[in-house]
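The chains referred to below are lettered A, B, ... by the order of the sequence lines, with proteins before strands, and numbering in each begins at 1. Hydrogens, waters and symmetry mates are skipped; everything else that's a heavy atom, side chains included, is used.
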There are 2 protein chains.
Amino acid sequence: MKLSTKGKYGLYAMVYLAQHDGEGPQSLKAIAELGLPDPYLEQLLGSLRRAGLVKTVRGPQGGYQLSKPPQEITMRHIIEAMEGPLSLSECVVEPEHVCPRGSNCKARGVWGYLTDQINGLLDSITLTDMLKQEIKGEIIA
Amino acid sequence: MKLSTKGKYGLYAMVYLAQHDGEGPQSLKAIAELGLPDPYLEQLLGSLRRAGLVKTVRGPQGGYQLSKPPQEITMRHIIEAMEGPLSLSECVVEPEHVCPRGSNCKARGVWGYLTDQINGLLDSITLTDMLKQEIKGEIIA
DNA sequence: TTAATCCCGATTTTTTTAGTCAGGTATATT
DNA sequence: AATATACCTGACTAAAAAAATCGGGATTAA
(Lines give C-alpha, C1' and ligand atoms only; values in the text may rest on other atoms or scores of the structure.)
Protein backbone atom coordinates (compact mmCIF):
# COMPACT_ATOMS: atom_id res chain seq x y z
CA MET A 1 0.00 0.00 0.00
CA LYS A 2 1.65 3.15 -1.15
CA LEU A 3 0.89 6.59 -2.42
CA SER A 4 1.55 7.61 -6.01
CA THR A 5 3.77 10.51 -6.93
CA LYS A 6 0.64 12.38 -7.92
CA GLY A 7 -0.53 12.49 -4.35
CA LYS A 8 2.91 13.30 -3.02
CA TYR A 9 3.78 15.98 -5.52
CA GLY A 10 0.34 17.49 -5.13
CA LEU A 11 0.85 17.75 -1.40
CA TYR A 12 4.33 19.21 -1.75
CA ALA A 13 2.97 21.85 -4.08
CA MET A 14 0.15 22.71 -1.70
CA VAL A 15 2.52 22.99 1.25
CA TYR A 16 4.66 25.32 -0.80
CA LEU A 17 1.67 27.48 -1.66
CA ALA A 18 0.63 27.52 1.98
CA GLN A 19 4.08 28.68 2.97
CA HIS A 20 3.77 31.54 0.50
CA ASP A 21 0.14 32.29 1.18
CA GLY A 22 -0.58 35.99 0.81
CA GLU A 23 2.55 36.65 -1.20
CA GLY A 24 0.82 36.69 -4.55
CA PRO A 25 0.88 34.08 -7.31
CA GLN A 26 3.70 31.57 -7.30
CA SER A 27 4.94 30.45 -10.67
CA LEU A 28 5.14 26.86 -11.79
CA LYS A 29 8.87 27.18 -12.04
CA ALA A 30 9.17 28.38 -8.48
CA ILE A 31 7.11 25.47 -7.19
CA ALA A 32 9.06 22.98 -9.28
CA GLU A 33 12.20 23.95 -7.37
CA LEU A 34 10.98 21.50 -4.78
CA GLY A 35 12.50 18.90 -7.05
CA LEU A 36 9.56 18.01 -9.26
CA PRO A 37 9.59 17.72 -13.07
CA ASP A 38 7.82 20.86 -14.17
CA PRO A 39 5.79 19.71 -17.16
CA TYR A 40 4.38 16.96 -14.99
CA LEU A 41 3.74 19.30 -12.10
CA GLU A 42 1.80 21.52 -14.47
CA GLN A 43 -0.62 18.69 -15.11
CA LEU A 44 -1.02 18.09 -11.42
CA LEU A 45 -1.69 21.71 -10.64
CA GLY A 46 -4.45 21.48 -13.22
CA SER A 47 -6.14 18.83 -11.09
CA LEU A 48 -5.80 20.98 -8.01
CA ARG A 49 -7.32 23.91 -9.82
CA ARG A 50 -10.23 21.88 -11.17
CA ALA A 51 -10.83 20.63 -7.64
CA GLY A 52 -11.10 24.24 -6.50
CA LEU A 53 -8.08 24.12 -4.22
CA VAL A 54 -5.92 26.61 -6.07
CA LYS A 55 -6.65 29.52 -8.31
CA THR A 56 -4.42 30.83 -11.04
CA VAL A 57 -3.40 34.08 -12.61
CA ARG A 58 -2.23 33.99 -16.20
CA GLY A 59 0.30 36.17 -17.91
CA PRO A 60 3.54 37.60 -16.59
CA GLN A 61 3.84 37.62 -12.79
CA GLY A 62 1.11 35.01 -12.89
CA GLY A 63 1.06 31.73 -11.06
CA TYR A 64 -0.80 29.67 -8.54
CA GLN A 65 -2.17 30.44 -5.10
CA LEU A 66 -4.44 28.81 -2.56
CA SER A 67 -8.07 29.47 -3.22
CA LYS A 68 -8.94 29.48 0.48
CA PRO A 69 -7.22 29.78 3.85
CA PRO A 70 -4.81 26.93 4.63
CA GLN A 71 -6.75 25.91 7.70
CA GLU A 72 -9.70 25.06 5.49
CA ILE A 73 -7.76 22.76 3.21
CA THR A 74 -7.31 19.20 4.41
CA MET A 75 -5.14 16.34 3.39
CA ARG A 76 -8.23 14.57 2.18
CA HIS A 77 -9.09 17.40 -0.19
CA ILE A 78 -5.65 17.23 -1.66
CA ILE A 79 -5.21 13.48 -1.93
CA GLU A 80 -8.70 13.06 -3.28
CA ALA A 81 -8.13 15.76 -5.88
CA MET A 82 -5.01 14.00 -7.04
CA GLU A 83 -5.97 10.35 -6.87
CA GLY A 84 -9.70 10.20 -6.65
CA PRO A 85 -11.57 8.81 -3.64
CA LEU A 86 -9.84 6.28 -1.45
CA SER A 87 -10.92 2.86 -2.59
CA LEU A 88 -9.66 -0.19 -0.77
CA SER A 89 -12.10 -2.35 -2.70
CA GLU A 90 -14.52 -1.64 -5.51
CA CYS A 91 -17.41 -3.14 -3.56
CA VAL A 92 -17.29 -0.24 -1.12
CA VAL A 93 -17.34 2.55 -3.66
CA GLU A 94 -19.17 1.30 -6.72
CA PRO A 95 -22.94 1.37 -6.42
CA GLU A 96 -23.83 -1.79 -8.32
CA HIS A 97 -20.80 -3.97 -7.97
CA VAL A 98 -21.37 -7.71 -8.28
CA CYS A 99 -19.03 -9.64 -6.07
CA PRO A 100 -18.19 -13.28 -6.79
CA ARG A 101 -18.15 -13.79 -3.04
CA GLY A 102 -21.79 -12.95 -2.65
CA SER A 103 -23.55 -10.87 -0.07
CA ASN A 104 -22.08 -12.41 3.06
CA CYS A 105 -18.47 -11.66 2.18
CA LYS A 106 -16.75 -11.02 5.49
CA ALA A 107 -14.18 -8.70 3.99
CA ARG A 108 -16.61 -6.10 2.78
CA GLY A 109 -17.36 -4.70 6.21
CA VAL A 110 -13.67 -4.28 6.96
CA TRP A 111 -13.03 -2.40 3.74
CA GLY A 112 -15.81 -0.01 4.60
CA TYR A 113 -14.63 0.45 8.17
CA LEU A 114 -11.05 1.09 7.15
CA THR A 115 -12.06 3.46 4.39
CA ASP A 116 -14.04 5.53 6.88
CA GLN A 117 -11.28 5.57 9.45
CA ILE A 118 -8.59 6.59 7.00
CA ASN A 119 -10.78 9.25 5.44
CA GLY A 120 -11.41 10.54 8.94
CA LEU A 121 -7.69 10.77 9.54
CA LEU A 122 -7.16 12.68 6.32
CA ASP A 123 -10.03 14.99 7.15
CA SER A 124 -8.40 15.87 10.43
CA ILE A 125 -5.17 17.24 8.99
CA THR A 126 -5.08 20.72 7.49
CA LEU A 127 -2.33 22.56 5.69
CA THR A 128 -1.93 24.72 8.76
CA ASP A 129 -1.33 21.63 10.87
CA MET A 130 1.38 20.59 8.48
CA LEU A 131 3.15 23.92 8.65
CA LYS A 132 2.94 23.87 12.43
CA GLN A 133 3.99 20.22 12.41
CA GLU A 134 1.35 19.59 15.00
CA ILE A 135 -1.79 17.46 14.78
CA LYS A 136 -4.34 17.44 17.58
CA GLY A 137 -1.78 18.93 19.91
CA GLU A 138 0.75 16.28 19.04
CA ILE A 139 4.11 17.30 17.60
CA ILE A 140 4.82 15.26 14.50
CA ALA A 141 8.21 16.50 13.38
CA MET B 1 -4.87 5.25 -2.84
CA LYS B 2 -6.01 1.74 -3.38
CA LEU B 3 -5.19 -1.81 -2.50
CA SER B 4 -3.85 -4.28 -5.04
CA THR B 5 -5.51 -7.61 -5.73
CA LYS B 6 -2.65 -9.23 -3.90
CA GLY B 7 -3.75 -7.70 -0.65
CA LYS B 8 -7.38 -8.36 -1.31
CA TYR B 9 -7.02 -11.94 -2.48
CA GLY B 10 -4.67 -12.63 0.37
CA LEU B 11 -7.24 -11.41 2.84
CA TYR B 12 -10.05 -13.37 1.21
CA ALA B 13 -7.96 -16.51 1.42
CA MET B 14 -7.17 -15.89 5.07
CA VAL B 15 -10.81 -15.27 5.92
CA TYR B 16 -11.66 -18.53 4.21
CA LEU B 17 -9.04 -20.37 6.21
CA ALA B 18 -10.30 -18.76 9.41
CA GLN B 19 -13.81 -19.91 8.61
CA HIS B 20 -12.54 -23.46 8.22
CA ASP B 21 -10.09 -23.33 11.09
CA GLY B 22 -9.79 -26.71 12.77
CA GLU B 23 -11.24 -28.59 9.83
CA GLY B 24 -7.91 -29.73 8.48
CA PRO B 25 -6.05 -28.55 5.40
CA GLN B 26 -8.01 -26.70 2.76
CA SER B 27 -6.93 -27.29 -0.81
CA LEU B 28 -5.97 -24.55 -3.20
CA LYS B 29 -8.89 -25.51 -5.37
CA ALA B 30 -11.33 -25.10 -2.52
CA ILE B 31 -10.02 -21.65 -1.66
CA ALA B 32 -10.07 -20.57 -5.28
CA GLU B 33 -13.83 -21.13 -5.31
CA LEU B 34 -14.00 -17.63 -3.81
CA GLY B 35 -13.57 -16.48 -7.38
CA LEU B 36 -9.81 -16.18 -7.63
CA PRO B 37 -7.59 -17.51 -10.45
CA ASP B 38 -5.93 -20.53 -8.91
CA PRO B 39 -2.41 -20.42 -10.33
CA TYR B 40 -2.19 -16.84 -9.15
CA LEU B 41 -3.64 -17.66 -5.78
CA GLU B 42 -1.03 -20.36 -5.41
CA GLN B 43 1.67 -17.73 -5.65
CA LEU B 44 -0.02 -15.58 -3.07
CA LEU B 45 -0.42 -18.41 -0.63
CA GLY B 46 3.31 -18.88 -0.96
CA SER B 47 3.80 -15.36 0.41
CA LEU B 48 1.48 -16.07 3.29
CA ARG B 49 3.37 -19.24 4.10
CA ARG B 50 6.77 -17.55 3.96
CA ALA B 51 5.39 -14.87 6.28
CA GLY B 52 4.47 -17.62 8.74
CA LEU B 53 0.74 -17.01 8.58
CA VAL B 54 -0.28 -20.32 7.07
CA LYS B 55 1.21 -23.76 7.11
CA THR B 56 0.81 -26.40 4.47
CA VAL B 57 0.45 -30.12 4.15
CA ARG B 58 1.61 -31.69 0.93
CA GLY B 59 0.28 -34.75 -0.79
CA PRO B 60 -3.26 -36.03 -1.12
CA GLN B 61 -5.69 -34.48 1.37
CA GLY B 62 -3.14 -31.74 1.74
CA GLY B 63 -3.73 -28.03 1.68
CA TYR B 64 -3.40 -24.86 3.66
CA GLN B 65 -4.35 -23.90 7.20
CA LEU B 66 -3.78 -21.07 9.63
CA SER B 67 -0.52 -21.42 11.51
CA LYS B 68 -1.97 -19.78 14.62
CA PRO B 69 -5.33 -18.91 16.16
CA PRO B 70 -7.34 -16.38 14.16
CA GLN B 71 -7.40 -13.88 17.00
CA GLU B 72 -3.62 -13.63 16.76
CA ILE B 73 -3.58 -12.78 13.08
CA THR B 74 -4.14 -9.14 12.21
CA MET B 75 -4.95 -7.30 9.06
CA ARG B 76 -1.51 -5.77 9.23
CA HIS B 77 0.16 -9.15 9.23
CA ILE B 78 -1.76 -10.09 6.14
CA ILE B 79 -1.46 -6.89 4.14
CA GLU B 80 2.19 -6.58 5.01
CA ALA B 81 2.85 -10.16 3.95
CA MET B 82 1.22 -9.49 0.62
CA GLU B 83 2.37 -6.00 -0.22
CA GLY B 84 5.28 -5.21 2.01
CA PRO B 85 5.25 -2.49 4.65
CA LEU B 86 2.95 0.46 4.21
CA SER B 87 4.95 3.23 2.60
CA LEU B 88 3.32 6.57 1.99
CA SER B 89 6.69 8.02 1.14
CA GLU B 90 10.16 6.54 0.81
CA CYS B 91 11.59 9.06 3.23
CA VAL B 92 9.70 7.45 6.10
CA VAL B 93 10.78 3.89 5.40
CA GLU B 94 14.18 4.01 3.79
CA PRO B 95 17.05 4.57 6.21
CA GLU B 96 19.32 6.72 4.06
CA HIS B 97 16.97 8.45 1.70
CA VAL B 98 18.15 11.77 0.29
CA CYS B 99 15.26 14.12 -0.23
CA PRO B 100 15.50 16.96 -2.73
CA ARG B 101 13.40 18.98 -0.32
CA GLY B 102 16.01 18.89 2.39
CA SER B 103 15.67 18.32 6.10
CA ASN B 104 12.92 20.81 6.86
CA CYS B 105 10.39 19.28 4.48
CA LYS B 106 7.01 19.84 6.09
CA ALA B 107 5.46 16.78 4.51
CA ARG B 108 7.75 14.27 6.11
CA GLY B 109 6.20 14.52 9.54
CA VAL B 110 2.75 13.94 8.12
CA TRP B 111 3.79 10.84 6.25
CA GLY B 112 5.23 9.42 9.44
CA TYR B 113 2.17 10.31 11.48
CA LEU B 114 -0.22 8.83 8.95
CA THR B 115 1.85 5.70 8.53
CA ASP B 116 1.74 5.10 12.27
CA GLN B 117 -1.97 5.77 12.52
CA ILE B 118 -2.87 3.47 9.66
CA ASN B 119 -0.58 0.73 10.87
CA GLY B 120 -2.26 1.07 14.24
CA LEU B 121 -5.63 0.62 12.64
CA LEU B 122 -4.49 -2.49 10.81
CA ASP B 123 -2.94 -3.85 13.99
CA SER B 124 -6.26 -3.53 15.75
CA ILE B 125 -8.23 -5.80 13.44
CA THR B 126 -7.92 -9.57 13.76
CA LEU B 127 -9.35 -12.35 11.65
CA THR B 128 -11.73 -13.08 14.50
CA ASP B 129 -13.01 -9.51 14.38
CA MET B 130 -13.68 -9.94 10.70
CA LEU B 131 -15.64 -13.13 11.19
CA LYS B 132 -17.64 -11.50 13.96
CA GLN B 133 -17.98 -8.35 11.87
CA GLU B 134 -17.23 -6.36 14.95
CA ILE B 135 -14.30 -4.09 15.71
CA LYS B 136 -13.86 -2.56 19.17
CA GLY B 137 -17.47 -3.27 19.95
CA GLU B 138 -18.65 -1.62 16.78
CA ILE B 139 -20.67 -3.62 14.26
CA ILE B 140 -19.19 -3.13 10.82
CA ALA B 141 -21.44 -5.19 8.58
C1' DT C 1 3.98 43.80 -29.51
C1' DT C 2 6.42 40.90 -26.76
C1' DA C 3 7.48 37.82 -23.30
C1' DA C 4 5.94 35.45 -19.33
C1' DT C 5 2.94 32.33 -17.86
C1' DC C 6 -0.85 29.21 -17.51
C1' DC C 7 -3.83 25.60 -20.32
C1' DC C 8 -4.81 21.32 -22.70
C1' DG C 9 -4.85 17.09 -25.23
C1' DA C 10 -2.19 13.58 -27.24
C1' DT C 11 1.58 10.66 -26.94
C1' DT C 12 5.29 8.01 -25.09
C1' DT C 13 7.99 5.59 -21.77
C1' DT C 14 8.48 3.09 -17.72
C1' DT C 15 6.96 0.45 -13.97
C1' DT C 16 3.87 -2.39 -11.66
C1' DT C 17 0.32 -5.61 -11.45
C1' DA C 18 -1.81 -9.62 -12.69
C1' DG C 19 -1.63 -13.77 -14.33
C1' DT C 20 0.30 -18.10 -16.78
C1' DC C 21 3.00 -22.14 -17.18
C1' DA C 22 6.18 -26.03 -17.08
C1' DG C 23 8.42 -28.86 -14.47
C1' DG C 24 9.71 -30.25 -9.65
C1' DT C 25 8.87 -32.18 -4.77
C1' DA C 26 6.37 -34.44 -1.04
C1' DT C 27 3.22 -37.95 0.60
C1' DA C 28 -1.17 -40.72 1.42
C1' DT C 29 -3.04 -44.58 -0.48
C1' DT C 30 -3.18 -48.96 -2.56
C1' DA D 1 6.76 -49.60 -5.36
C1' DA D 2 3.49 -47.17 -8.16
C1' DT D 3 0.23 -43.75 -8.53
C1' DA D 4 -2.31 -39.81 -8.01
C1' DT D 5 -2.97 -35.72 -5.37
C1' DA D 6 -1.46 -31.65 -4.00
C1' DC D 7 1.87 -28.05 -2.91
C1' DC D 8 6.44 -25.45 -4.68
C1' DT D 9 9.30 -22.60 -7.61
C1' DG D 10 11.05 -19.53 -10.79
C1' DA D 11 10.74 -17.73 -15.21
C1' DC D 12 7.87 -15.77 -18.37
C1' DT D 13 4.17 -12.76 -20.56
C1' DA D 14 0.53 -9.58 -21.02
C1' DA D 15 -2.08 -5.86 -19.67
C1' DA D 16 -2.83 -1.85 -17.14
C1' DA D 17 -1.48 2.11 -14.62
C1' DA D 18 1.79 5.56 -13.43
C1' DA D 19 4.96 8.95 -14.70
C1' DA D 20 6.26 11.84 -17.51
C1' DT D 21 6.94 14.56 -22.15
C1' DC D 22 5.63 17.60 -25.79
C1' DG D 23 3.69 20.94 -29.00
C1' DG D 24 0.87 24.32 -29.70
C1' DG D 25 -2.78 27.49 -27.81
C1' DA D 26 -4.70 31.28 -24.68
C1' DT D 27 -4.15 35.20 -21.52
C1' DT D 28 -2.23 39.37 -19.95
C1' DA D 29 1.35 42.67 -17.75
C1' DA D 30 4.60 45.72 -19.31
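Along DNA chain C, the nucleotide closest to Gly59(A) and the one closest to Lys2(A) are compared, and the more 5′ of them pairs with Gly59(A). Taking the nucleotide of DNA chain D with the nearest heavy atom to each of Gly62(B) and Val57(A), the more 5' of the two is matched to Gly62(B).
One atom, CG of Leu44(B), and another, C1' of dC8(D), lie 14 Å apart when rounded to the nearest Å. As rounded to whole Å, 15 Å separates atom P of dA6(D) from atom CG of Leu45(B). In this structure, Met82(B) atom CE and dG19(C) atom P are separated by 12 Å, rounded to whole Å. In this structure, Lys55(A) places its NZ atom 18 Å from C1' of dT27(D), rounding to the nearest Å. The nearest whole Å value for the distance from the CD atom in Gln26(A) to the P atom in dT5(C) is 11 Å. Straight-line distance from the CG atom of Leu3(B) to the C1' atom of dA17(D): 16 Å, rounded to whole Å. Following rounding to the nearest Å, Leu41(A) (CG) and dC22(D) (C1') show an atom-to-atom distance of 16 Å. Distance Glu42(B) CD to dG24(C) C1': 12 Å, rounded to the nearest Å.
Within 6.0 Å of atom NZ in Lys8(A), more than 12 heavy atoms from other residues, nucleotides or ligands are found, so the atom counts as buried in its surroundings. Counting heavy-atom neighbours within 6.0 Å of Lys29(A) NZ, excluding the residue itself, gives a total of 12 or less.
Across all strands, Pro39(A) comes closer than 4.0 Å to base atoms (heavy-atom distances). Nucleic acid contact class of Lys6(A) (heavy atoms, under 4.0 Å, all strands): sugar-phosphate only. Within 4.0 Å (heavy atoms only), Gly46(B) reaches no atom of the nucleic acid at all.
With dT5(C), dT9(D), dA19(D) as the choices, the nucleotide that has an atom nearest any side-chain atom of Arg49(B) turns out to be dT9(D). In the set dC8(D), dA18(C), dA4(C), dA4(C) carries the atom at the smallest distance from any side-chain atom of Pro60(A). Relative to the side chain of Tyr64(B), the nucleotides dA20(D), dA11(D), dC7(D) differ in distance, and dC7(D) lies closest. Counting only heavy atoms from C-beta on, Gln61(A) has its side chain closest to dA29(D) among dA29(D), dC6(C), dT9(D).
Residue Arg50(B) places at least one side-chain N or O closer than 4.0 Å to OP1 or OP2 of dT9(D). OP1 or OP2 of dT17(C) has not a single side-chain nitrogen or oxygen of Tyr40(B) nearer than 4.0 Å. For the OP1/OP2 pair of dA17(D) and a distance below 4.0 Å, the side-chain nitrogens and oxygens of Ser4(A) include no atom meeting the criterion. Between Thr5(A) and dA18(D) there is no side-chain N or O to OP1 or OP2 distance below 4.0 Å. OP1 or OP2 of dT5(C) has not a single side-chain nitrogen or oxygen of Ser27(A) nearer than 4.0 Å.
Counting distance only, with no hydrogens placed and no angle test, the side-chain atoms of Gln43(A) and the base atoms of dC8(C) include no donor-acceptor pair under 3.5 Å. Within 3.5 Å, no donor on the side chain of Arg58(A) pairs with an acceptor on the base of dT5(C), nor the reverse.
The closest side-chain donor-acceptor pair between Glu83(A) and Ser4(A) falls under 3.5 angstrom.
Contact between Ala13(B) and Leu45(B) at its shortest, heavy atoms only, is CB-CD2, 4.3 Å.
Salt bridge Arg76(B)/Glu80(B): present, at least one basic N to carboxylate O contact under 4.0 Å.
Here the CG-SG distance, from Asn104(A) to Cys99(A), works out to 9.5 Å after rounding to the nearest 0.5 Å.
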